[in-house]
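Single-structure report; data block below.
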Amino acid sequence: QEFLKGAQNFFEMIIDSFVKGDLNDVKNFIDGKLVKNFQSVIDERLEEEETLKIDIIKMNSIQIKDANEINNLLRVSVLFESEQIKVLKDSKGKIIDGDQKNSILVKDLWVFEKIIQSKDLNWKLVETSNA
């Protein structure tokens, strides 16, 4: 339960950082390749002068889908199901994707890793995908 509570807080932090376009507070807890992918999407959005709004209306469920030990790593897959309002606007404020009034069900599968022997209690986000 403690892991899932931490995962939910982290999920919300990542979404918030992604929307703001600033990964500095969270990048140490994300795999380098994933940080580059997130930053690339953020840079593209900024270049196009688009604004993104994501409001997590309700977290429906968070559950561990898989947990493995690979070499000296613990790897845990977590399914996040949430109701979100997502809106992308162009430089003039016109909605180009999403809906301000109606929430959508979003299912994300995130994979976290941790070195078993590590004294660091933090997990690292290594993969994200739609579920």
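One hydrophobic cluster, built from ILVMFWY side chains closer than 4.5 Å, holds both V76 and W110. Both L46 and V35 are part of a single hydrophobic cluster, where members link through side-chain heavy atoms under 4.5 Å apart. Both I56 and F80 sit in one connected hydrophobic cluster of ILVMFWY residues. Membership requires side-chain heavy atoms under 4.5 Å apart, directly or through other members. Under the 4.5 Å side-chain heavy-atom criterion for ILVMFWY residues, no single connected hydrophobic cluster contains both V87 and I15. At a threshold of 4.5 Å between side-chain heavy atoms, the hydrophobic network of Ile, Leu, Val, Met, Phe, Trp and Tyr places I57 and V106 in two separate groups.
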Trace of the side-chain contact (heavy atoms from CB on, under 4.5 Å) decision for D108 with N130:
CA-CA 5 Å; D108 287 309; N130 295 327; 3.7 Å; yes

Could you check W123 against F10 for ring-ring contact (aromatic ring centres under 6.0 Å, His included), going step by step and ending with a plain yes or no?
CA-CA 10 Å; W123 291 75; F10 188 66; over 10 Å; no

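Using a 4.5 Å heavy-atom threshold, the side chains of T51 and L88 count as separate. Side-chain contact check for I104 versus K86: some heavy-atom pair is nearer than 4.5 Å. When side chains are defined from C-beta on, D31 does not count as touching E113, because their heavy atoms never get closer than 4.5 Å. For the pair I62/F11, no side-chain contact is recorded, criterion being any heavy-atom separation below 4.5 Å from C-beta on. Using a 4.5 Å heavy-atom cutoff, the side chains of F29 and M13 are not in contact. In this structure the side chain of F18 never reaches within 4.5 angstrom of the side chain of V26, judged on heavy atoms. Considering only heavy atoms from C-beta on, I14 comes within 4.5 Å of I30 through its side chain.
Between L121 atom CG and E2 atom CD the span is 9.0 Å, to the nearest 0.5 Å. Separating the NZ atom in K58 from the CG atom in L105 is a distance of 10.0 Å, to the nearest 0.5 Å. S82 contributes atom OG, which lies 9.0 Å from atom CD1 of I54 (distance to the nearest 0.5 angstrom). Annotation: the span from Q8 atom CD to S61 atom OG amounts to 10.5 Å, rounded to 0.5 Å. Put simply, NZ on K27 and OG on S17 are 11.5 Å apart, with the number rounded to the nearest 0.5 Å. To the nearest 0.5 Å, atoms CG (L52) and CD1 (I96) are separated by 10.0 Å.
Other residues, nucleotides and ligands place more than 12 heavy atoms under 6.0 Å from the CD atom of Q63. Enclosure of atom CG in N9 by more than 12 non-hydrogen atoms of other residues, nucleotides or ligands within 6.0 angstrom is indicated. Around atom CD1 of I115, no more than 12 heavy atoms belonging to other residues, nucleotides or ligands sit under 6.0 Å away.
Side-chain atoms of N71 do not come within 3.5 Å of backbone N or O of L73 as any donor-acceptor pair. Side-chain atoms of N68 never come within 3.5 Å of backbone atoms of I70 as a donor-acceptor pair (strictly under, hydrogens ignored). Counting only distance, with no hydrogens or angles, the side chain of R45 and the backbone of V19 share a donor-acceptor pair below 3.5 Å. Remark: the backbone N or O of D120 is paired with a side-chain donor or acceptor of K114 at under 3.5 angstrom.
The side-chain contact (heavy atoms from CB on, under 4.5 Å) test with Q39 singles out one residue from L23, L34, D22, and that residue is L23.
Minimum interatomic distance between I42 and G21 (heavy atoms only, all atoms of both residues): CG2-CA, 3.6 Å.
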